[in-house]
2 protein chains.
Amino acid sequence: MFTRLCKSVAQKGSQALLVTRALRQVHTGTALCQDGAKIPAGLWKLGSLNHVAIATPDLEKSTALYRDVLGAEVSDVLPLPEHGVYTVFVKLDNTKLELLHPLGDNSPIQNFLDKNKNGGMHHICIEVNDIKAAMNDLKAQKIRCLSPEPRIGAHGKPVVFLHPKDCAGVLVELEET
Amino acid sequence: MFTRLCKSVAQKGSQALLVTRALRQVHTGTALCQDGAKIPAGLWKLGSLNHVAIATPDLEKSTALYRDVLGAEVSDVLPLPEHGVYTVFVKLDNTKLELLHPLGDNSPIQNFLDKNKNGGMHHICIEVNDIKAAMNDLKAQKIRCLSPEPRIGAHGKPVVFLHPKDCAGVLVELEET
């Protein structure tokens, strides 16, 4: 795809600009062809906010807040032993919150809760349509991914986490949809 | 409204259940009529996630991340001196991120950035259709609001913040839409 686009840009000159404009909201990085022309770095696209993950030391209390006080629809408690968390989904009109509580001895959120006794926002998850293309672009632009390859996330889809220090202090998860 | 609903439940008995079911996603608290029957505590409704607010020590770098690396549509920098912040909106398909940076000497996010040098998630904002009804219910259920009355928020709409210690460590803003 990269080569094909590169040739297309080289051959068609200014048409590339029209292509780029037509790809509104499609990622347009700054990779260069051999002749230096800017081309779309990939055809991956950032999509919706899939969820905001909230780590909580008291899952029942936090679930009750959203269900009984704020009146949201919530899921049953879902144990995800392979991810070291219990999860409760809180449905909002356009996205969801995911309440997380440690499961097992090596939960990835235990350290966060040790530092944040009351709980807090753990990460945000944004959808992309091509996670490998996204990772290639991110690496090229010095945004660190926390794993060299995508992993299968809690929703059974490929995910990768980006380093918080490269993302305004926020742990950002990308999920392929 | 409360009295009218109460009478309705008392008079119509099991019809209240049908009403409650019809009000799917409408807040249904646990207030009681004089005869002990449960009734909907109010007709306010939790809606969409309006935004996730991210405080950043470097607004240009954070904007560049979302605009140039992740390919999102971002706004110009919007100074909001009455709220003590500069804001950049990052458009996602279903909601937005709001990048915040201190403006002036008494910015409400300066303390957060002093504790979180790299930045981080500051609050989430969820829409409600009746903020005063929501506040009444929240107070009755011992969820602390950070102001006794709604204030006009950054979008020109009534908002209230809820105490993080009552919300799983998360600063939650409710905005009337």
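Every chain is numbered from 1, with letters handed out A, B, ... down the list of sequences.
Interface summary for chain A: among Gly119(B), Pro164(B), Ser48(B), the most heavy-atom pairs under 4.5 angstrom belong to Ser48(B). Here Gly47(A) is the residue among Gly47(A), Ser62(A), Gly120(A) with the most heavy-atom pairs under 4.5 Å with chain B. Ranked by heavy-atom pairs shorter than 4.5 Å toward chain B, the options Val170(A), Leu99(A), Asp166(A) are led by Val170(A). The greatest number of non-hydrogen atom pairs below 4.5 Å with chain B, out of Thr56(A), Asn116(A), Ile124(A), is found for Ile124(A).
A 6.0 Å sphere centred on NZ of Lys165(A) holds no more than 12 heavy atoms belonging to other residues, nucleotides or ligands.
A side-chain donor from one of His155(A) and Glu98(A) sits under 3.5 Å from a side-chain acceptor of the other. A donor-acceptor pair shorter than 3.5 Å cannot be found between the side chains of His122(B) and Glu173(B). Side-chain N/O atoms of Asp114(A) and Gln110(A) include a donor and acceptor closer than 3.5 Å.
Proximity to chain A (any heavy atom under 4.5 Å) is shown, for Leu49(B), by both the backbone and the side chain. At a 4.5 Å heavy-atom cutoff, the contact between Ala55(A) and chain B is made by backbone atoms alone. Contacts of Val128(A) with chain B are absent, with no heavy-atom separation under 4.5 Å from either backbone or side chain.
In summary, Glu60(B) and Arg67(B) engage in a salt bridge, as defined by a charged side-chain N under 4.0 Å from a carboxylate O. Salt bridge annotation for Lys132(B)-Glu176(B): absent, with no cationic side-chain nitrogen under 4.0 angstrom from a carboxylate oxygen.
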